[in-house]
Visitor: 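Before I ask anything, here is the structure I am working with.
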There are 2 protein chains.
Amino acid sequence: MSSLQNLPGFRDFYPDTCAARERVFQAWREASLACGFAQVDGPPLEPLELYQKKAGDELLGQVYQFVDKGERSVALRPEFTATLARMAGARQRDYKKPLKWFCIPQVFRYERTQKGRLREHFQWNCDILGEAGLGAEADLLAVLVLGLEKLGLTADDVVLRLSDRQFWTAFLEGKGMPAEKHYEVFQIIDKLDREPCEKAQEKLGTLAGEIFDIIEGRTDVLATPAGDRLRELKGALEAMGLGAYLKIDLSIVRGLAYYTGIVFEVHDRAGVYRAVAGGGRYDHLVEKVSGVSLPAVGFGMGDVVLGEMLNDKGLNKPETSRLDVYLALPKEEARPALLELAGQLRRGGLRVDYPLAAAKLGKQFEAAEDRGAAYAVVVEGPLAPGAKVQVKHLASRQQKEAVLAAAESGWTFEPKLSSLFVSP
Amino acid sequence: MSSLQNLPGFRDFYPDTCAARERVFQAWREASLACGFAQVDGPPLEPLELYQKKAGDELLGQVYQFVDKGERSVALRPEFTATLARMAGARQRDYKKPLKWFCIPQVFRYERTQKGRLREHFQWNCDILGEAGLGAEADLLAVLVLGLEKLGLTADDVVLRLSDRQFWTAFLEGKGMPAEKHYEVFQIIDKLDREPCEKAQEKLGTLAGEIFDIIEGRTDVLATPAGDRLRELKGALEAMGLGAYLKIDLSIVRGLAYYTGIVFEVHDRAGVYRAVAGGGRYDHLVEKVSGVSLPAVGFGMGDVVLGEMLNDKGLNKPETSRLDVYLALPKEEARPALLELAGQLRRGGLRVDYPLAAAKLGKQFEAAEDRGAAYAVVVEGPLAPGAKVQVKHLASRQQKEAVLAAAESGWTFEPKLSSLFVSP
C-alpha cells in the first residue's frame, strides 16, 4: 500500500514545529495588542477579481485559482492586503479612525519549488487605516519591532531599512521626468540587487550618477528638502527608542505598484536571508478595491525566513506543552480514584495526564518523564481526606509524601506540590 | 465603482467577531493542554487522493477541488481526520504511544447555501492514536467536556449522547445478519430523525420492533452482554465527574463509514441546534490512508453551531482588546516625550495607545473611552524623575496626580496606576 505525501511546498506541523509556530504567533499577537491593534481575519478563498483589481499583475501569475462549483472564479489568498482593503472599505463607517488592525493569515503562492521556497506561509499583517500623517508610520514600525523583540531579536540581529517613494518622486519631478515614467525607475532600483549594475546604469541614463549617489549613501538625503519626511519619521522612531534598528536606505522601493510613500524592509544584519518583513504606505488601494478613500500603511512579516533566522540564532525555543502532573496507577482497582482526581485537577487549571490502560509502574514513570511532567503522583487507593500519596519530583528524582485535603473545588494536596520540594 | 463582496458562505471576521472566535479558540487550546494533548496542524490544501482513500464517498461531492498549475488534483481540506491519519502514519515511530494530538483547522465544504450553512468553519479536533482500550474514549470525552465548560456551558446546556457501533454489530450478528449488511442498517438508523418512521420500519422488516425498543430506551442496553463496553465507559466518565452530561442513546451511529466502535454526539439539551460535536473510534482509517495500523478515536467540534448556542445563552463574551493606558497629548511639542513613554510602557507589557496626529484633548479622551482604556495619562512635558502627570480613571471619571520615576527598565508611575484609584 502506497503511503500518501503532502503537496510539495506545504508543511505538516508536528508537535515540535507546531509549538515553535505557536510561540511566534503568540509574540506577534502580544506585540499587536500591546500597541492597540485589534485582530481581524478574512476568508482564505476570495473572488479572483479582488486580486485583479489590486494594481499590478505581479501576483496573478502565482495565484492558486480555479472555478468553483457555482461557476465563480476564485483564488486562494496570495496576501491579505486586498482582503483588508475590501473589509475596511465595506464597514469603515462603523469604526472610529484610525483603524489599527492585525491578522495572522496563511497565504498561498504557486512559486517554482526551490530549496526553502514554500507555497504557503503564515504572515503577520499590521495595518493602520484612516491616518495620512507620518505618526501612523512611526506607530506601525513600533509594533513591528516589538514583535521581533518579543522573540528575542535585537538591533544586533536585524536592521530596519527605511525609504520613501515620495523622495524619489520629488527627485524625478525635479529632473523633469513625467509622473507616468516614475514607476519604471522604481522597478530598475528594485532590481538593483538582482541585476548587473551596468544594465541599470544604462537604463537610468544621465540620472544614473545622482541616483547611485543617493542609493549608496554619498548624498545626505536627510539634508535635502525632499528628505524632510524621512527626517521626521526618523526622529519619531528615535524618540521611541528604536534608533539602533534604523538605516535610511533609498534603494528600498518595494516592487508592488500600489505603494505611495514611506516604504521599508527588515533584514538580518548579516544579509544572509531574504527580507524578514516589508511594507509601506498605500493611500489609494482601499479606494481602488472598495470605492472608499482611506489612507493606509501596513506591513507583512512571514513565518518562514523569520523561523530560519530564529533557528540559526538559537532563539527558536518553543514552550513545549509539558505536563504539571502525571498521575501514576500501581493497581487498576484505583482507576476510578485516579479519574476523579485527574478530572478535578484539570478543571482546576493544571495540565494532567495518566496511563490510559494498565501499564507497569516503571513504564508510567518513563511516560511521565517523556511528557515533561513536573511531578508524578502515585494514586493507590480511594480518595479520602488525609489519604497519603507519594509524589515524585521528576527533575530531582526526589520522592516525598503529601496528603489529600478536600477543598470546595475538589481535592488538593497538602502541602502544595510546588512547596513540597523547595529547599529550606 | 462597484464594491467587492466576499464569497457566499465565507466569513469576514471584524474585531468584535474575531475576538469572540479567539476566545473560543483559547478555551479549546486550554482544555487540550490541560488534558495533555499537543497541537499539530497540516496543509489546508491536500492531494484529492487523500480523501478518495478515506472510506465513504459522502465527502467528495462537497469538496472544493481543482487541478493546480502542476497538473495535480488537489482539494481544500473538507475535514482534518484524513490529514491526521496521513501524518500519524508517516511518523508514528518517532512518538511514544498514545499520541494525543489536537488541532484547530479551518475546513471547507461546498454545501448548498441555506440560512446558517457556511462553506467554511473552524473545527476543534482532538484525537488519541495508538490506544485500543476504552480508556482512550473516556479521556477524549473528558477533554471535549472541559472545552465546553471553559466557555461557560454546563450539563444543563448540553448532553453527550453516547452509543456503540459494536453493540449494534453484536445485535445484528445475533440475528444472523451478514457483516456486509450492517452498514446499511446504520444508515437507516442514522436517517431516523430525517425520514418518516414508517419508511425505516419497512426497511428494517422483522427487526424493526427490537431496534426501536433499543433506540427509544425501552430495552436496558446496559444490562445486556453487548452493553458491557458502554457500561464500562459510563463508569469511567462518572468517575471523572461527567455523569450529568451523559445519555446512552443507541440512535447515534454517525453517518461516516469509517467508525468502528464507540460513537457520540454533543447536542444542546433543548434540541434546537444541529450537533455541536461528534466523533468516535476509527481503528482502520490510519492503515487505510498510510499503511500503518494504529487504533484511533477522535472528535470534531465546529465553531458555528457552538457560536450560535453561546450567543443565545449570553455566553459569547469576547475579551475586547481593551487598552491599559491611553496617552493624551495637550501640545504637539511633547510628542517625543509621549513616544518615549509609549515605547517603554509597551515594552513593559502594557497595552498602550495615543493620538497618531494632533487632536483636541476632548477628542483624545473620547478616543481613550472608545478604545476601552482603563487610564488616560496626560503627557505635558519632557520626561524627568518627579515630573507630575495627570491620570484619569475612565470608569469613575476621577482624576489624580502621579509622578514619574526612573526604574532600570524605564519610566514608571508613582504610585502605581492600579493603586492610585483604590478606595481606602
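Convention: sequence-line order gives letters A, B, ...; per-chain numbering from 1.
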Visitor: Heavy-atom pairs under 4.5 Å with chain A are the metric here; pick the option from B:K69, B:E238, B:E131 that has the most.
Guide: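 Greatest number of close heavy-atom pairs with chain A: B:K69.
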
Visitor: Thinking salt bridges, do B:D68 and A:R119 make one under a 4.0 Å N-O criterion?
Guide: no

Visitor: Please work out which of the three classes, parallel, tilted or perpendicular, describes the rings of A:F66 and B:Y64, given edges at 30° and 60°.
Guide: perpendicular

Visitor: Could you tell me which portion of B:L146 (side chain, backbone, both or neither) has an atom closer than 4.5 angstrom to a non-hydrogen atom of chain A?
Guide: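 The side chain, not the backbone.
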
Visitor: So which of B:A138, B:G349, B:G70 has the largest heavy-atom pair count under 4.5 angstrom toward chain A?
Guide: B:G70

Visitor: At a heavy-atom separation under 4.5 Å, does B:D370 approach chain A through its side chain, its backbone, both, or neither?
Guide: side chain

Visitor: Please classify the contact between A:A142 and chain B as side chain, backbone, both or neither, with a heavy-atom cut-off of under 4.5 Å.
Guide: side chain

Visitor: Between B:E340 and chain A, which part of the residue has a heavy atom less than 4.5 Å away: side chain, backbone, both or neither?
Guide: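 Interface part for B:E340: both.
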
Visitor: Which distance, rounded to the nearest 0.5 Å, do you find between the CZ of B:R21 and the CD of A:Q39?
Guide: 6.0 Å

Visitor: Is any side-chain heavy atom of A:V352 closer than 4.5 Å to a side-chain heavy atom of B:C35?
Guide: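 No. Closest side-chain heavy atoms not under 4.5 Å.
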
Visitor: Can you tell which of B:K96, B:M87, B:R347, B:E22 has the highest number of heavy-atom pairs within less than 4.5 Å of chain A?
Guide: B:M87

Visitor: Against chain A, work out which of B:G133, B:P44, B:G89 has the most heavy-atom pairs shorter than 4.5 Å and name it.
Guide: B:P44

Visitor: Closest heavy-atom contact between A:A136 and B:L356?
Guide: CA-CD1, 4.0 Å

Visitor: Going by heavy atoms in the side chains, are B:F13 and A:C103 under 4.5 Å from each other?
Guide: no

Visitor: Under 4.5 Å between any side-chain heavy atoms of B:K100 and A:D353, yes or no?
Guide: yes

Visitor: Please look at A:Q344 and chain B and tell me whether the side chain, the backbone, both or neither of the residue comes under 4.5 angstrom of a heavy atom of that chain.
Guide: neither

Visitor: For the NZ atom on A:K363, are there more than 12 heavy atoms of other groups (residues, nucleotides or ligands in this structure) within a distance under 6.0 Å?
Guide: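 For A:K363, atom NZ is not crowded (no more than 12 foreign heavy atoms under 6.0 Å).
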
Visitor: Taking side chain as everything from C-beta outward and backbone as N, CA, C, O, which of these in A:L76 sits under 4.5 Å from a heavy atom of chain B? Side chain, backbone, both or neither.
Guide: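 For A:L76, the side chain is the part near chain B, not the backbone.
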
Visitor: Would you name the heavy atoms of A:P47 and B:Q5 that are closest together and state the gap between them?
Guide: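 Of all heavy-atom pairs spanning A:P47 and B:Q5, the closest is CG-O, 3.4 Å.
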
Visitor: Heavy-atom pairs under 4.5 Å with chain A: which of B:R335, B:R72, B:E120 has the most?
Guide: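 Among B:R335, B:R72, B:E120, the one with the most close pairs to chain A is B:R72.
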
Visitor: I'd like to know which of A:L345, A:L237, A:L350 tops the heavy-atom pair count under 4.5 Å against chain B.
Guide: A:L350

Visitor: Looking at B:A34, B:C18, B:G343, B:G135, which one has more heavy-atom pairs under 4.5 Å with chain A than the rest?
Guide: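 Result: the option with the highest number of such pairs is B:A34.
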
Visitor: Would you call the rings of B:Y14 and A:W101 parallel, tilted or perpendicular, where under 30° means parallel and over 60° means perpendicular?
Guide: perpendicular

Visitor: Tell me which of these, A:E30, A:E366, A:E149, A:K150, has more heavy-atom pairs under 4.5 Å with chain B than the rest.
Guide: A:E149

Visitor: Non-hydrogen atoms of chain A under 4.5 Å away: do they reach the side chain of B:Y354, the backbone, both or neither?
Guide: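 For B:Y354, side-chain heavy atoms alone lie under 4.5 Å from chain A.
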
Visitor: Look at A:D41 together with B:R11 and state whether they make a salt bridge at an N to O cut-off of under 4.0 Å.
Guide: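 A salt bridge is absent here (no side-chain N lies under 4.0 Å from a carboxylate O).
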
Visitor: Pick one of side chain, backbone, both or neither for B:P98, based on which atoms fall under 4.5 Å of a heavy atom in chain A.
Guide: side chain

Visitor: Which heavy atom of B:N6 sits nearest a heavy atom of A:P43, and at what distance?
Guide: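 Where B:N6 meets A:P43 most closely, the heavy atoms are CB-CG, 4.1 Å.
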
Visitor: Which answer fits B:R91, side chain, backbone, both or neither, if we ask what part of it has an atom under 4.5 Å from a heavy atom of chain A?
Guide: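 Both parts, backbone and side chain.
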
Visitor: Given a strict heavy-atom distance threshold of 4.5 Å, which part of B:V74 is in contact with chain A: side chain, backbone, both, or neither?
Guide: side chain

Visitor: To the nearest 0.5 Å, what is the distance between CG (B:L45) and CZ (A:F10)?
Guide: 4.5 Å

Visitor: Is any NZ, NE, NH1 or NH2 atom of the basic residue among A:D12 and B:R86 found under 4.0 Å from an Asp or Glu carboxylate oxygen of the other?
Guide: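 Salt bridge flag = yes for B:R86 with A:D12.
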
Visitor: So how far is it from B:L33 CG to A:L323 CG, rounded to the nearest 0.5 Å?
Guide: 9.5 Å

Visitor: What part of A:Y326 is in contact with chain B, defined as an atom under 4.5 angstrom from a non-hydrogen atom: side chain, backbone, both or neither?
Guide: neither

Visitor: Heavy-atom distances under 4.5 Å only: say whether B:I128 touches chain A with side chain, backbone, both or neither.
Guide: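 Only the side chain of B:I128 comes within 4.5 Å of chain A.
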
